[in-house]
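Since this is a predicted model, take the numbers as computed values, not measurements. One is the number of the first residue; the rest follow in order along the sequence.
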Amino acid sequence: MTDAPRQLSEAELRALEEEYDPEARFRTVTRPVAILSGVILFLLSVYHFYTAGFGIPRATTHRGLHMGVSLFVIFLSFSALARNRHKTDGFAILGVPVTDWLLGIGGAVSAFYVPWIYDQLAFRVGNPLPIDIVMGTILLVALLEAVRRSMGWPLPVIALCFIAYAYFGRSMPGILVHPGADWANIINHLYLTSQGIYGTALGVIATYVFHFVLFGVMAQKIGLGQLFIDLATALTGRFAGGPAKVSVVSSAMLGTISGSSIANTVTTGALTIPAMIKIGFKRHFAAAVEAASSTGGQITPPVMGAVAFLMVEYLGIPLRTILIAAIVPAFMHFFGVLVQVHLEAKRLGIRGLRAEELPKAGKVLREGWLSILPLVLLVWMLMSGRTPFLSAFSAIAACIVVYVIQRVMAAGVVGGLKETAAGLYEGFVSGARQSLAVTAAAALVGVVIGVVTLTGVGFKIAFMVTSVAQNWAISFHGLLSVLPFELFSIETLSLLFTLVMTAVVCVLMGCGVPTTANYIIMVAVAAPVLGMMNVEPLVAHFFVFYFGVLADVTPPVALAAYAAAGIAGANGFKAGNTAFRLSMGKALVPFVFVFSPSLLIVTEAFTLPDFLLAFTGAVLGIIALSAAITNWLLGPLLKIERLALPIAALLMIAPEIISTLIGAAILGAVTLRQYMAGMRGEGVPSAL
């Protein structure tokens, strides 16, 4: 039995989050600067709360205001070098270097400039004035530095590469060549039009995402996160490997209000990781379970990080449609981790929690039902067709009402109202602070999108990828021609190879780029690839999004896994590898809903028989692959069974009935063999 690590304090958990999450590495500032930035962030939240309920101003004005304020506070809050965030080098004003004041003011002024000259843009676009080029250059430099400070180097490097591609187009090789653009044309397109910095990505963050981030913060403040953990413990803690299953289920619940993998890992992992180690799981495995589970928050309705709202803008479909489509992929994400957790617990003989270690579900709900009401209200309003603005406004207002009731009941009217005022200020400041880095990233991703629209490189990449995939498909089809029947058509193989290449790029890109930014870039570059293969737009968007989420548990930049390893006292790289292994079962799911779009429910191709077949195939495929990875189904696997089950899983994701039946037959044969061996006493049967 492994000794559990000691319970980390709140300060230690916060330090751990800062260590592994660049977005949380705020510098130590003097009291005047803390008050200044706090007041600005509070007012920014108040502004967004008001606009959610009563309407936003003109889009460019709204986006420019949000970006300008965010850039100013970023340069106050993040030091140029993370290691210097607790000290000040060089000449400073109020403890902040003069260069940071200049960058913050320059970024804010250049962001406000476009809304200020908005009425003249019709005459300036395509013919920018020198002042326009200067302001655009300042904003571009400020964005590159702001994202570098708050998120690291990968995204700025990608943006610089795209800018270089736009500028040196005439020197590009082969199909990538294009006429090129001078600096004035680049700035004109990226700064003065809605195709670049002020485009859809920034608009979604400023218009939708901020409201839902603020809701998530306020929901945590009224105790909804703790309620989810207690309820998950009461429901699943008694089963084999209890705390590990609590980790999966509580992460699924917490994902409904928070889309941050690292924050979710720290929140639930502080409780579940020590409990997992205490009952016998190895430290790196406990960390991996929490990390793999917590990444699911980004694909769990109704918040889904920022991506649900980006899909609304890109696809022009209602948010309700996106949320319905996300239900099955989110279920498969957590089901895939849960299956491996269960099989690992059975293989190791790890018990569940005892009755005296478990809270009572009824008691948890009786004491915390008030905290659930804002989430219920949010889901009801979204699913009934209300706008995201009004839904978020109402849910945040409900959180405020619940918080007032809780504080007054706990501390009386006078004391409760004082605590409420302090708590609301803290919550509004925290909500705005959490949006800083993603705002800068969204604006910088607009640069990438702008270059794609300026040069048309997305369709050139699509042509290259599909050509390679088709050549591979023809070659592989020739190898399969020795079979007495056609297992896969050339069209199916072409699509499969295209999907594999797209998935690999998504995962590699996500190793250093946040999920939201990864999704936006891949939609611009990879969506045309899948479109050329006749994949429905909604399906293509979900495919690249789903694989982008895996980046938080994909070494060498598996930030969620490293944060969990910090809690567990485990090797971070080993935890990352294990978390990626735990995620492999659900990695089949995007392939399933490409070949069988009915799995997303709301697609044009939906039919109930197709949905049931695809759903069953995905579930069985996850079980087969998880068993092979864990080396356990009803008992230990023979070597031939461990080789056969991954093949069965792959066969069951294909649309052809023959391959599906072959995969199911392999899984059935292995299950029957193990069951019969158990009946003869050669193994220990274990029900799934």
In Å, rounded to the nearest 0.5 Å, how long is the span from CD of E426 to CZ of F42?
12.5 Å

Tell me, do L44 and S70 make a side-chain contact under 4.5 Å, heavy atoms counted?
yes

Tell me, yes or no, whether the heavy-atom count around R31 atom CZ, taken from other residues, nucleotides or ligands under 6.0 Å, exceeds 12.
no

Test side chain to side chain contact (heavy atoms under 4.5 Å, CB included) applied to I257 and T300, L375, L378, the passing residue
L375

Nearest non-hydrogen partners of L214 and G431, listed with the distance:
CD1-CA, 4.2 Å

Separation between CG (L139) and OG (S110), nearest 0.5 Å, reads 4.0 Å

Spatial distance of atom CD (Q226) from atom CD1 (I229) [nearest 0.5 Å]:
5.0 Å

How are the rings of H62 and Y47 set relative to one another: parallel (under 30°), tilted (30 to 60°) or perpendicular (over 60°)?
tilted

Check: W183 and I133 side chains under 4.5 Å, non-hydrogen atoms
yes

Review item, side-chain donor-acceptor pairs of residues 396-418, under 3.5 Å, at least two apart:
unit_1	atom_1	unit_2	atom_2	d
Q406	NE2	I222	O	3.0
Q406	NE2	S371	OG	3.4
R407	NH1	E419	OE1	3.0

Is any side-chain heavy atom of I521 closer than 4.5 Å to one of L155?
yes

Under 4.5 Å between any side-chain heavy atoms of M311 and F545, yes or no?
yes

Using the rule given for side-chain contact (heavy atoms from CB on, under 4.5 Å), can you reason through R149 versus F75, listing the C-alpha separation, both sets of side-chain angles and the distance that settles it, and then say yes or no?
CA-CA 9 Å; R149 292 186 182 201; F75 286 107; 3.7 Å; yes

F573/Y562 under ring pair (Phe, Tyr, Trp, His ring centres under 6.0 Å): CA gap, chis, key distance, verdict:
CA-CA 7 Å; F573 194 79; Y562 295 160; 7.5 Å; no

Heavy-atom donor-acceptor pair, S45 side chain to F428 backbone, under 3.5 Å:
yes

Are L444 and P156 close enough that some pair of their side-chain heavy atoms sits under 4.5 Å apart?
yes

Sidechain-backbone polar pair: S394 side chain, S391 backbone, donor-acceptor under 3.5 Å:
no

Which atoms form the tightest heavy-atom contact between A561 and A579, and what is the distance?
CB-CB, 4.4 Å

Student check: side-chain heavy atoms of K282 and I277 closer than 4.5 Å
no

Set out, in order, the CA-CA distance, both residues' side-chain angles and the distance that settles ring pair (Phe, Tyr, Trp, His ring centres under 6.0 Å) for Y50 and F393, then state yes or no.
CA-CA 8 Å; Y50 175 83; F393 175 81; 8.5 Å; no

Qualifying residue for ring pair (Phe, Tyr, Trp, His ring centres under 6.0 Å) with H48, from F210, F389, F212, F215
F210

Tell me if a side-chain donor or acceptor on Y191 pairs with a main-chain N or O of G196 at a distance below 3.5 Å.
no

Rounded to the nearest 0.5 Å, how far apart are CG of D230 and CE of M253?
10.5 Å

Just by modelled atom types, is the A111 backbone N or O under 3.5 Å from a matching donor or acceptor in the Y198 side chain?
yes

Using side-chain contact (heavy atoms from CB on, under 4.5 Å), reason through Q298 and V307 one step at a time and then give a plain yes or no.
CA-CA 8 Å; Q298 297 175 83; V307 173; over 6 Å; no

Supply the atom-to-atom distance S247 OG to N264 CG, rounded to the nearest 0.5 angstrom.
10.5 Å

Where do I163 and I186 come nearest, in terms of heavy atoms and distance?
O-CD1, 4.3 Å

E290 versus T272, side-chain donor and acceptor atoms under 3.5 Å:
yes

Geometric cation-pi criterion R433 and F26, 6.0 Å radius, 45° cone:
yes

Return the minimal non-hydrogen interatomic distance between L71 and G107, and the atom names on each side.
CD1-O, 3.8 Å

Where A270 and I567 come nearest, the two heavy atoms and their spacing:
N-CD1, 4.1 Å

Between F112 and T61, is the side-chain contact (heavy atoms from CB on, under 4.5 Å) condition met? List the steps.
CA-CA 8 Å; F112 298 152; T61 301; over 6 Å; no

Return yes if some donor-acceptor pair links the side-chain N/O of H284 with the main-chain N/O of G572 below 3.5 Å, else return no.
no

Rounded distance (nearest 0.5 Å) linking atom CG of D100 with atom OG of S79
8.0 Å

Has the side chain of T265 got a donor or acceptor atom that lies under 3.5 Å from a matching backbone atom of A291?
no

Looking only at atom types and distance, does a side-chain atom of W101 sit under 3.5 Å from a main-chain N or O of I93, one as donor and one as acceptor?
yes

In terms of heavy-atom contacts, G423 and K221 come closest through O-CE, 3.0 Å

Main-chain N/O of A292 paired with H333 side-chain donor or acceptor, under 3.5 Å:
yes

Given side chains that start at C-beta, do those of L76 and V29 come closer than 4.5 Å, heavy atoms only?
no

May I ask you to decide if L202's main-chain N or O and R63's side chain share a donor-acceptor pair within less than 3.5 Å?
no

Note, R581 side chain near F285 side chain (heavy atom, < 4.5 Å):
yes

Do F228 and T256 pass the side-chain contact (heavy atoms from CB on, under 4.5 Å) test, and can you show the C-alpha distance, the side-chain angles, and the key distance before you say yes or no?
CA-CA 10 Å; F228 285 152; T256 61; 3.7 Å; yes

Okay, side chain of T207, backbone of V204: is any donor-acceptor separation there less than 3.5 Å?
no

